[in-house]
Amino acid sequence: MPSDESVTLRPVLITASPPNAAEAMLGLLSDEYGATAERGEERWTLSVTPIDSFRRGTIIYRVIQASRTVTEQYPDAVLHLVTEDGNAWRLPPPSL
């Protein structure tokens with residue numbers, strides 16, 4: 001079983017398509033948070049690695065904010081936050 005420390009330092013993963021929406025998402029997260037991308041033909045996987053154990057929540061919050069911006073610009077965008085257990089949560093999240 002992984003320790004709490006190893007979970008908090010794992011990269012935050014986001015899948016994004018189409019590529020123009022993925023590129024916009026990367027642009028919003030790369031400068032300040034160091035996001036990188038594995039570029040697929042149809043879908044990209046973005047990765048943001050926390051610099052310490054306190055930043056993971058901040059990164060997830062920024063991912064949610066960025067997803068709202070991207071879906072406003074690209075209504076056909078399909079974005080998901082990939083959780084530690086492998087589930088894919090739709091971004092931006094729906095209201096409660």
Side-chain angles (χ1 to χ4, degrees):
M1 180 169 195
S3 70
D4 288 340
E5 184 71 17
S6 67
V7 169
T8 60
L9 294 177
R10 284 187 196 161
V12 174
L13 300 177
I14 307 101
T15 59
S17 64
N20 58 350
E23 189 169 2
M25 191 77 170
L26 180 63
L28 291 170
L29 297 171
S30 61
D31 287 343
E32 189 170 349
Y33 298 99
T36 59
E38 181 181 313
R39 293 166 170 87
E41 192 171 314
E42 299 288 324
R43 183 180 77 177
W44 294 14
T45 300
L46 309 181
S47 177
V48 186
T49 302
I51 59 172
D52 60 38
S53 62
F54 299 106
R55 302 285 198 289
R56 186 173 184 79
T58 300
I59 289 170
I60 292 170
Y61 182 77
R62 294 297 188 201
V63 164
I64 292 168
Q65 287 181 311
S67 72
R68 289 184 178 139
T69 300
V70 169
T71 57
E72 286 175 9
Q73 294 174 343
Y74 302 96
D76 63 334
V78 178
L79 308 171
H80 290 94
L81 175 68
V82 181
T83 64
E84 290 79 11
D85 59 2
N87 289 313
W89 293 355
R90 180 71 188 230
L91 292 170
S95 299
L96 294 177

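When all heavy atoms are compared, the tightest approach of Ala77 to Arg90 is O-NH2, 3.4 Å. Considering every non-hydrogen atom in both Pro19 and Glu42, the closest pair reads CD-O, 3.8 Å. Closest approach of Val70 and Ala21 over heavy atoms only: CG1-O, 3.7 Å. Taking all atoms of both residues into account, the shortest heavy-atom contact from Trp44 to Leu26 is CZ3-CD2, 4.1 Å.
Side-chain contact annotation: Arg62 with Gln65, donor-acceptor N/O pair under 3.5 Å present.
Note that CD1 of Ile64 is 6.5 Å distant from CG of Leu91, once rounded to the nearest 0.5 Å. Going from atom CG of Leu79 over to atom CZ of Arg68 covers 12.0 Å, rounded to the nearest 0.5 Å. Rounding to the nearest 0.5 Å gives a distance of 8.5 Å between CZ of Arg39 and CG of Leu46. Of the inter-residue distances, the one linking Tyr74 atom OH with Asn20 atom CG reads 5.0 Å to the nearest 0.5 angstrom. Once rounded to the nearest 0.5 Å, the distance linking CG of Asp52 with CG of Leu9 reads 7.5 Å.
The cluster map of Ile, Leu, Val, Met, Phe, Trp and Tyr, joined by side-chain heavy atoms under 4.5 Å apart, puts Leu28 and Ile51 in different clusters. Under a hydrophobic clustering in which Ile, Leu, Val, Met, Phe, Trp and Tyr are joined whenever their side-chain heavy atoms come within less than 4.5 Å, directly or via other members, Leu13 and Ile59 fall into different clusters.
Residue-environment remark: CD (Glu84) exceeds the threshold of 12 foreign heavy atoms within 6.0 Å.
Side-chain contact between Met25 and Val63: present, with at least one pair of heavy atoms (C-beta onward) separated by less than 4.5 Å. Using a 4.5 Å heavy-atom cutoff, the side chains of Arg56 and Pro50 are in contact.
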